[in-house]
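No hydrogens, no waters, no symmetry mates; every other heavy atom, side chains included, goes into these values. Residues take their numbers from the sequence shown, with the count starting at 1. Predicted model, so just to flag it, every value in this text is computed and none were measured.
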Amino acid sequence: MEKHCSLLIHFDKGTPALANEIKEALEGNDVPSKVDAMKKAIMLLLNGETLPQLFITIVRYVLPSEDHTIQKLLLLYLEIIEKTDTKGRVLPEMILICQNLRNNLQHPNEYIRGVTLRFLCRLKETEIIEPLIPSVLANLEHRHPYIRKSAILAVMSIYNLQQGDQLLVDAPEMIEKALSTEQDPSAKRNAFLMLFNCAQDRAISYLQTHVESVATWNEMLQMVVLELIRKVCKAKQGEKGKYIMIIISLLDAPSPAVIYESAATLVSLSSSPTVIRKAASTYCQLLLSQSDNNVKLIVLDRLNELKISHRDIMVEMIMDVLRALSSPNLDIRRKTIDISLELITPRNVDEVVLMLKKEVVKTQSTELEKNGEYRQMLVQAIHSCAIKFPDVASTVVHLLMDFLGDNNVASAMDVVVFVREIIETNPKLRVSIITRLLDTFYQIRAARVCSCALWIIGEYCLSLSEVESGIQTIKQCLGDLPFYTISEEGEGVDSSKSSQQVNSITVSSRRPAILADGTYATQSAASETAISPPTLVQGSLSAPGNLRSLILTGDFFLGAVVACTLTKLVLRLEEVQPAQSEVNRASSQALLIMVSMLQLGQSSYLPHPIDNDSYDRIILCIRLLSNTGDETRKIWLHSCRESFVKMLADKQFRETEEIKAKAQISHAQPDDLIDFYNLKSRK
């Protein structure tokens with residue numbers, strides 16, 4: 001069976017000390033050696049060694065020492081050694097230490113007295129303690145507060161022993177008397193704690209007598225008062241009203257710890273809307289006034305619990321909760337947003353979205369390390385608001401579209417997914433979203449975002465002007481065709497083998513040129529120029545040729561998406577454009593772009609050739625534009641949108657099912673123990 005242990009010290013077992021070495025050091029006169037030997041002895045005892053031969057040595061050579069460190073280590077040693085035999089009787093040799101402890105309790109040095117009194121708090125053997133009681137009680141009236149507060153704790157520990165009420169019959173009365181005259185905050189707190197644990201009626205009587213001055217008491221004493229109130233109110237439900245006003249008065253205490261505990265106590269004792277509102281308001285004030293991130297996270301946890309049990313009251317506090325977004329810590333911001341999103345109602349959604357928009361704008365104006373990640377969280381929050389309340393979408397969608405070219409790809413991806421969903425669920429916004437998307441398309445830098453934006457352009461450009469603008473935007477972002485030309489193919493192939501040979505390349509204005517070794521260079525004029533093999537220079541992704549730059553890096557999946565988008569736009573142009581010549585012109589331009597991409601993909605000037613899937617997709621688009629059937633046209637122009645609508649419906653269904661599942665989570669299991677107190681009669 002494991003023994004009771006009140007002391008834990010790390011011990012490295014690499015070089016264990018020998019008992020003989022320790023004994024020799026203890027018998028010497030060198031104080032540092034004695035200190036080191038005592039530490040080794042304590043560590044060995046804590047790790048299971050018995051060392052019975054050391055006891056007499058310590059009694060002879062260590063007990064008489066006046067060194068404070070040695071005396072402290074001696075008390076630790078006495079705390080952990082076995083003081084009883086197998087039958088539970090105190091060992092005879094323990095009587096030897098009683099006289100030393102009595103002398104320590106009467107020692108002129110306050111430190112020696114204090115540590116000895118604290119040692120008695122951890123002693124369980126009444127035979128050792130009984131002779132020391134008069135000395136302990138004498139210390140209750142010592143002039144130094146350190147001694148008095150330690151003596152009060154010692155009295156409490158002795159009184160709590162198995163036969164403690166017989167050893168100290170009038171202890172509560174003595175402590176109550178000491179409490180009434182005590183001025184030191186720590187000693188006063190210890191005295192009240194003793195009454196709280198050992199004579200609760202006396203503690204309640206003292207509290208009721210001094211109820212007017214509770215707000216001016218020391219922080220430590222106020223914390224014990226709150227603990228007493230919780231304990232009393234749980235035992236006597238009808239007396240809550242007496243104590244609620246005391247707790248409310250402590251909400252204005254100068255100590256944040258007392259304020260927090262007061263709010264927590266209010267919530268645990270009452271479900272009155274007024275009381276809960278007061279507690280929630282207190283939590284929100286702590287959220288703003290405290291600089292420690294751990295405190296903020298704990299307070300947010302409490303607000304989250306209030307949200308579950310008192311949602312209607314928390315809905316009123318949503319703007320106060322959102323003020324926590326001023327913290328730069330991402331965990332705090334994430335938790336704040338999560339709590340707020342579940343408190344949104346039609347009445348407060350406009351305020352919440354306005355606040356989130358302001359935060360999005362702030363991320364644009366300040367350069368902080370994790371702005372991109374924070375912006376992504378805000379975009380997701382606004383997306384959630386817009387799905388629940390479609391009316392607010394019009395106020396945020398255009399602002400968010402400014403971030404399609406965000407350096408943070410995840411944030412830009414969230415924006416484009418949000419735009420894709422809103423344009424389907426809010427038909428009134430379709431025209432303005434398409435116009436804005438075409439205007440900002442050249443700013444997009446990420447291939448994944450480009451792919452999604454191209455899908456939106458292909459599906460939702462419906463009128464003649466929109467279709468023509470869509471085709472024109474894609475052409476501008478692809479730049480001049482072909483993507484590259486080689487004046488003499490043979491020379492180009494040969495030059496790839498020799499880094500010294502000069503090759504002749506014709507390049508367009510401000511477009512990446514592909515050199516013989518597969519690297520890129522940017523030319524400033526369209527001319528046939530002799531270039532020696534340069535270092536790698538990527539095309540500028542922020543330039544109007546963002547699609548061209550991405551495709552020239554070998555992203556042929558994006559090339560296939562471009563081909564599909566152009567195909568959809570040309571098919572829709574056939575429906576809305578009365579002039580067949582314009583349709584033919586657009587179709588031939590689209591075919592030229594697709595063929596140029598295939599030519600680029602099969603050339604030896606890129607590190608990787610076009611993949612089979614992208615190749616097949618572009619070939620399919622070429623065949624479709626060359627010979628279009630009605631069934632195929634229907635699939636391309638209508639079925640894709642229908643599939644997307646089904647996907648949104650399925651997503652909404654799954655979210656609804658998740659909410660229902662959360663609501664049905666059982667808070668008690670069939671095999672949980674029953675609290676029979678709840679079955680007792682209230683009479």
Side-chain angles (χ1 to χ4, degrees), residues 338 341-342 344 376-394 396-398 400-401 403-404 406 409-434 436-438 441 444 446-462 466-467 470 474 555 557-569 571-572 575 613-614 616-617 620-621 624 631-663:
D338 289 343
L341 286 180
E342 294 183 33
I344 293 176
Q376 183 184 356
M377 282 163 34
L378 292 170
V379 170
Q380 289 170 349
I382 293 171
H383 187 170
S384 177
C385 295
I387 298 305
K388 286 183 186 174
F389 306 96
D391 293 341
V392 304
S394 59
V396 293
V397 69
H398 297 302
L400 293 184
M401 287 178 75
F403 298 99
L404 284 171
D406 197 344
V409 178
S411 174
M413 198 66 208
D414 283 334
V415 172
V416 80
V417 168
F418 169 65
V419 170
R420 185 180 67 181
E421 195 163 339
I422 293 302
I423 200 171
E424 174 58 42
T425 55
N426 290 263
K428 294 177 183 176
L429 300 177
R430 186 191 64 78
V431 175
S432 61
I433 289 176
I434 283 293
R436 187 65 180 270
L437 181 59
L438 293 174
F441 184 78
I444 300 175
R448 288 170 59 206
V449 182
C450 272
S451 299
C452 196
L454 285 167
W455 186 89
I456 295 170
I457 291 170
E459 287 295 332
Y460 296 97
C461 285
L462 303 179
E466 288 168 355
V467 172
I474 293 172
D555 191 343
F557 175 79
L558 179 61
V561 175
V562 170
C564 292
T565 304
L566 286 172
T567 303
K568 287 180 185 177
L569 291 174
L571 292 177
R572 191 160 281 120
E575 295 180 350
D613 287 344
S614 301
D616 292 343
R617 192 80 170 159
L620 177 65
C621 294
L624 185 60
E631 191 62 34
T632 310
R633 184 188 299 274
K634 181 182 175 185
I635 292 170
W636 279 70
L637 295 184
H638 302 289
S639 299
C640 291
R641 177 97 65 87
E642 290 167 5
S643 298
F644 178 59
V645 171
K646 285 179 185 175
M647 187 195 84
L648 289 181
D650 182 60
K651 177 187 169 190
Q652 194 169 3
F653 174 76
R654 276 188 280 109
E655 287 174 353
T656 308
E657 289 299 310
E658 282 177 15
I659 293 169
K660 287 181 183 176
K662 282 181 183 176

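Looking at L637 and E575, their side chains come closer than 4.5 Å, going by heavy atoms from C-beta outward. Within the 4.5 Å cutoff, the side chain of F418 has heavy atoms near those of the V396 side chain. Side-chain contact between V449 and V415: absent, with no pair of heavy atoms (C-beta onward) separated by less than 4.5 Å. Taking the side chain as every heavy atom from C-beta outward, R448 and V416 never approach each other to under 4.5 Å. Residues N426 and V397 form no side-chain contact, since every pair of their non-hydrogen atoms from C-beta on lies 4.5 Å or further apart. The shortest side-chain heavy-atom distance between K651 and R654 falls under the 4.5 Å cut-off.
Residues meeting the side chain to side chain donor-acceptor pair (under 3.5 Å) test with R420, sequence neighbours left out: none. Remark: A560 pairs with S614, R617, I618 by the side-chain contact (heavy atoms from CB on, under 4.5 Å) rule, at least two apart or across chains. Scored by the side chain to side chain donor-acceptor pair (under 3.5 Å) test, S451 finds no partners at all (sequence neighbours excluded). In this view, R430 and E466 satisfy the side chain to side chain donor-acceptor pair (under 3.5 Å) rule, not counting sequence neighbours. Residues passing the side chain to side chain donor-acceptor pair (under 3.5 Å) test with E459 are K568, sequence neighbours excluded.
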If you apply the rule side-chain contact (heavy atoms from CB on, under 4.5 Å), what do you find for V431 with L462, and how did you get there?
CA-CA 9 Å; V431 175; L462 303 179; over 6 Å; no
Under the criterion side-chain contact (heavy atoms from CB on, under 4.5 Å), I'd like the reasoning laid out for I423 against L437: C-alpha separation, chi angles, the key distance, then a yes or no.
CA-CA 11 Å; I423 200 171; L437 181 59; over 6 Å; no
Distance-only donor-acceptor hits, side chain of residues 376-393, under 3.5 Å, sequence neighbours excluded:
{"unit_1": "Q376", "atom_1": "NE2", "unit_2": "D414", "atom_2": "OD2", "d": "3.2"}
{"unit_1": "Q380", "atom_1": "NE2", "unit_2": "D414", "atom_2": "OD2", "d": "2.9"}
{"unit_1": "H383", "atom_1": "NE2", "unit_2": "E421", "atom_2": "OE1", "d": "3.0"}
{"unit_1": "K388", "atom_1": "NZ", "unit_2": "L341", "atom_2": "O", "d": "3.2"}

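Residues I433 and M401 share a closest heavy-atom pair of O-CE, 3.5 Å. Nearest approach of C640 to W455, heavy atoms of both residues: O-CZ2, 4.4 Å. When all heavy atoms of G470 and I457 are compared, the pair lying nearest together is CA-CG2, 4.2 Å. Contact record, C450 with I444: SG-CG2, 3.6 Å, taken as the closest heavy-atom pair. Closest heavy-atom contact between T567 and C621: OG1-CB, 3.2 Å. Between L558 and L454, the closest heavy-atom pair is CD1-CD1, 3.9 Å.
In this structure, the side chain of R572 engages the main chain of G458 through a donor-acceptor pair within 3.5 Å.
Here CD1 of I422 is found 13.5 Å from NZ of K428. Values are rounded to the nearest 0.5 Å. To the nearest 0.5 Å, atoms OH (Y460) and CG (L429) are separated by 12.5 Å. Atom CZ of F653 and atom CG of D650 lie 8.0 Å apart (nearest 0.5 Å).
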